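Worksheet for the structure shown next.
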Amino acid sequence: MIKLDHVSKYFNRQQKAAVQEISFEVAVGETLVLLGTSGCGKTTTLRMINRLITPDNGRILVNNQDIQQQSEEILRRNMGYVLQHTGLFPHYTVSENIGVVPRLLRWDKPRIQQRITTLMEKLRLPPGDYANAYPHQLSGGQQQRVGLARALAADPPILLMDEPFGALDPLTRISVRKEFSHLDELNSKTIILVTHDIEEAFELGHRICLMNEGSIQQLGTPADLLFHPANDFVKKFLDPQRLQLELKALYLQDLWPWLGPAGNNNNASALPATTTSWEALAAVSQQPATVHYQQEQKILTASILMEAVSAYKNQ
Ligand SMILES: Nc1ncnc2c1ncn2[C@@H]1O[C@H](COP(=O)(O)OP(=O)(O)OP(=O)(O)O)[C@@H](O)[C@H]1O
């Protein structure tokens, strides 16, 4: 659905490209995270995809069509854009902010109203309390949700997000991120999300594109980056948070051959095999659980889990 083919960008006739020979594809419904330190070219890459910046070399295709040959208006209508600083219009109410794009598209009033109400409810902004509030009357987390609602209003198939949780304090950031990952509105969307936060990338990305100085260092699943780093840069980038990331990237079903013994315990709570090791560790810290997978049931304790993680890594 989105394809970058050897895309480069040089600013101000720089010798060194801000983005250098970047190629990747993002499938329909996939979330790709662009991860990397400040200045590595993430935002430039994102802005080239919706034509806010023109590449110097290479091609960008959306739905198999070169974006330079599509009208900017139609291209952007298919892409919601969410920014770190929400970019809400300060003199518009929440409801007016969310309705901006549907109004531009000339939807009729009842349809716009219905859509605003639906999104506000889904994003935990009760319309009775917030529809007529102005952005400055909201907390950072609420403003962020309004920004997301505005990007989703016309139901675009693609969502581009630049540090969408970057302006939030760490606790709010974690809770807004969690809500975001469970939002049904996002299930079928193709999402490219920019962040410098490793944990966020691992939580939200189906795949991660790790960049440094304008180039891709590795593009793969969280498990690929952790267990099969392409080079020393990738390894060192992840090292500070390695254990936690490994536990979040490994699902119980990945550890199945090393989990044991098979058994049944009617008093234990049941965990799905799609639980991450991180969540499972929290769940079994008090008492054992059972896991059912491929017609087999096993007992899970913290020590069994940690031994299985070690065995997986040493295989
Ligand atoms: N409009 C511009 N003019 C000149 N140089 C620019 C411009 N935009 C970005 N750059 C340079 O291009 C490089 C990549 O910037 P970019 O904003 O894409 O990085 P980033 O990874 O998104 O960083 P950050 O997380 O700090 O936003 C940087 O060296 C930056 O200074």
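Start at 1 and go down the list; that is how both ligands and their atoms are numbered. Residue numbers count from 1 along this sequence. Being a predicted model, the structure only gives us computed values, none of them experimental.
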> Does NZ or CZ of K9 fall inside the cone over F11's six-membered ring, less than 6.0 Å from its centre and within 45° of the axis?
Replying inline: yes

> So is G36 in contact with ligand 1, going by heavy-atom distances below 4.0 Å?
Replying inline: no

> Any heavy atom of T37 sitting closer than 4.0 Å to ligand 1?
Replying inline: yes

> Under the criterion side-chain contact (heavy atoms from CB on, under 4.5 Å), which of Q65, Q70, Q69 is the partner of L75?
Replying inline: Q70

> Does the N or O separation between A18 and ligand 1 drop below 3.5 Å for any pair?
Replying inline: no

> Which ligand 1 atoms, with their elements, are less than 4.0 angstrom from a heavy-atom of C40?
Replying inline: 19 (O), 20 (P), 21 (O)

> With a 4.0 Å cut-off, would you call K122 and D184 a salt bridge?
Replying inline: yes

>> Between ligand 1 and K42, is the shortest N or O to N or O distance under 3.5 Å?
In response: yes

>> Donor-acceptor check, side chain of K298 to backbone of W256, threshold 3.5 angstrom: yes or no?
In response: yes

> In terms of atom number and element, which parts of ligand 1 are under 4.0 angstrom from non-hydrogen atoms of N12?
Replying inline: 4 (C)

> Taking both backbone and side-chain atoms of T44, is any N or O found less than 3.5 Å from an N or O belonging to ligand 1?
Replying inline: yes

>> On the six-membered ring of Y130, is R124 placed so that its NZ or CZ lies under 6.0 angstrom from the centre and within 45° of the ring axis?
In response: no

> Would you say the side-chain atoms of R103 pair up with the backbone N or O of I112, donor to acceptor, closer than 3.5 Å?
Replying inline: no

> What do you reckon, does G39 have a nitrogen or oxygen under 3.5 Å from a nitrogen or oxygen of ligand 1?
Replying inline: yes

